[in-house]
Amino acid sequence: MNQHSLPLFEVFIRSKRGLDHRHVGSLHAEDPAQALDYARDVYLRRSEGVSVWVVRSSDITASQESDMASFCDPMDDKPYRHATHFKLPKEVDNM
Amino acid sequence: MTEKNPLADPRLAAFEEKISNDQRIEPKDWMPDAFRKNVLRQMSQHAHSEVIGMQPEGNWITRAPTLYRKIVLLAKIQDEGGHGLYLYSAAETLGTSREEMVQALHDGKAKYASIFNYPSLTWADIGMIGWLVDGAAIVNQVSLQRTSYGPYSRAMIRICKEESFHQRQGYEATMVLARGSAEQKAMAQDSLNRWWWPSMMMFGPHDSESAHSGQSMKWKLKRESNDVLRQRFVDQTVPQAEFIGLKIPDPDLKWNEERGSYDFGEIDWDEFMQVISGNGPCNRQRLQHSIRAQEDGQWVRDAMHAYELKRQAREVA
């Protein structure tokens, strides 16, 4: 087999109006237009969605889970950012 | 660094902790080489099975008895191609390319499910493949939805959603034959006689004989053993056969009240070994066809690539 590797695309589908696009998988294609055709053929055979995005995988910049501790402070020392931190009287507690 | 002693490598300890906490391993996580090799072997074998599995069914597209059966069969085969793609994509997250995997298949270095080395001789075989072969595959795949490698698990969840249609259409097609004329019923029974044992073999060797099982279970790549899955398949399939009046070709098959399961006879392991080592009825034909399909499509890929290069050059200019 004598063939160059086609670029990889990630596929995102909006399952219905009002919902987010969600990552569903990936595929290889020459260009975005072809990736969109392939995504339709592979991921949309049973009305799985109303909209598709394809994104070149190489255009995605990702964080590393192992670096999260230094990259992103979860702010666990700031419990007042959560609604449950504030104790209210039972009479108004459904706020 | 040795992988034997967890204390010697903190990455291994972190890996094993994820496994024991039932967390998924994701592509960029550190993993032992043996884990990487094992999951890659399993996924590539699974992907190749989906794609090679299109051949025995494709054999009947032009001869399907009605237009309805033909469009159903086409839709099913198209699904199988899609399942191959899901699995190849999942396997590629481990750093191997699609080209390398297909090349390994065509060089005879990578395996696929040995069941597809049996021929589809009659129309009844199409129903039987859906009912038994997809039925056995579903038992395995439902269990694999919880496999420890994240991309594999997600591919399995997607596949299982679609696979149920495959088994149901197969059982329904078989049911129509079993309730048809005497000849049609005989054709269905003949097909069951030929596909039953190869379907039983799909679960692989006994747990005690399986080369990769122990380690795969420890890593939670496999969640249930070959023999447990095979028993589940028997227990669910026997009543289905009885319901449509077909007889499973196993004289030792009988209900075991104590176990709450069916006892069944021994698989012909010599036949199993023959087929997986390349000497089944259709091994050579399946590979040759796959190679030819790859070669015949080359001009399409070349044309698309030439067009892409031209488009890029125009953009630059």
Side-chain angles (χ1 to χ4, degrees), chain A residues 1-16 19-50 52-72 74, chain B residues 10-11 14 18 23-30 75-76 78-79 81-90 92-93 96-107 150-151 154-155 157-159 161-162 165 290-291 294-295 297-298 300-312 315:
Chain A
M1 199 168 60
N2 176 24
Q3 177 180 11
H4 74 289
S5 311
L6 296 174
L8 189 64
F9 289 81
E10 302 300 323
V11 183
F12 298 82
I13 289 178
R14 183 202 291 284
S15 58
K16 62 180 189 194
L19 296 182
D20 292 323
H21 281 78
R22 233 182 120 186
H23 184 242
V24 295
S26 56
L27 48 79
H28 292 278
E30 279 295 348
D31 63 28
Q34 191 190 15
L36 205 54
D37 284 352
Y38 284 173
R40 173 200 62 199
D41 293 348
V42 178
Y43 293 104
L44 287 177
R45 292 199 303 279
R46 293 182 173 85
S47 53
E48 284 93 341
V50 295
V52 195
W53 291 347
V54 290
V55 183
R56 260 183 223 278
S57 310
S58 58
D59 286 344
I60 293 176
T61 308
S63 67
Q64 283 280 19
E65 202 180 315
S66 53
D67 296 340
M68 284 310 265
S70 55
F71 173 69
C72 170
Chain B
R11 297 173 306 177
K18 282 188 197 126
Q23 287 191 31
R24 301 289 181 261
I25 304 300
E26 293 298 339
K28 295 204 167 144
D29 292 346
W30 183 89
K76 175 186 190 299
Q78 190 189 14
D79 275 356
H83 296 175
L85 179 122
Y86 301 157
L87 285 158
Y88 283 128
S89 297
E92 282 175 82
T93 60
T96 186
S97 72
R98 183 89 50 100
E99 289 76 17
E100 286 172 289
M101 283 185 273
V102 173
Q103 191 64 56
L105 171 69
H106 289 170
D107 289 345
R154 291 189 286 275
I157 291 168
R158 194 164 298 124
I159 287 174
K161 268 191 202 159
E162 301 183 350
F165 139 62
S290 180
I291 292 168
Q294 184 75 24
E295 287 170 353
Q298 187 61 42
V300 178
R301 293 189 294 275
D302 289 345
M304 288 197 296
H305 186 51
Y307 176 76
E308 177 63 13
L309 292 178
K310 201 166 116 186
R311 203 187 56 79
Q312 283 172 8
E315 255 172 29

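Predicted model, so just to flag it, every value in this text is computed and none were measured. Throughout, protein chains are lettered first and strands after them, A, B, ... in sequence-line order, and every chain is numbered starting at 1.
- Residue B:E99 comes nearest to A:L6 through the heavy atom pair OE2-N, 4.4 Å, listed as atom of the first residue, atom of the second, then distance.
- The candidate from B:H305, B:E26, B:K28 with the greatest count of non-hydrogen atom pairs under 4.5 Å with chain A is B:H305.
- Between atom CG of residue A:D41 and atom CD of residue B:Q78 there is a gap of 6.5 Å, rounded to the nearest 0.5 Å.
- Contacts of B:E92 with chain A are made by side-chain atoms alone, with heavy-atom separations under 4.5 Å and no backbone atom involved.
- Nearest approach of A:V42 to B:Y86, heavy atoms of both residues: O-OH, 3.2 Å.
- Heavy atoms of B:R154 lying under 4.5 Å from chain A are absent altogether.
- The pair A:E30-B:R311 does not count as a salt bridge, with every side-chain nitrogen at least 4.0 angstrom from each carboxylate oxygen.
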**Message:** Apply side-chain contact (heavy atoms from CB on, under 4.5 Å) to residues B:E162 and A:R45 and explain how you reach the verdict.
**Reply:** CA-CA 10 Å; B:E162 301 183 350; A:R45 292 199 303 279; 3.2 Å; yes
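- Heavy atoms of A:E48 lying under 4.5 Å from chain B belong exclusively to its side chain.
- Atom CZ of B:F165 and atom CZ of A:R46 lie 6.0 Å apart (nearest 0.5 Å).
- Counting heavy-atom pairs closer than 4.5 Å to chain A, the top residue among B:T93, B:D79, B:I291 is B:D79.
- Crowding of A:D59 atom CG: a count of heavy atoms from other residues, nucleotides or ligands under 6.0 Å exceeding 12.
- When the shell of 6.0 Å around CZ of A:R22 is examined, it contains 12 or fewer heavy atoms from other residues, nucleotides or ligands.
- No donor-acceptor pair closer than 3.5 Å links the side chain of A:S26 to the backbone N or O of B:S89.
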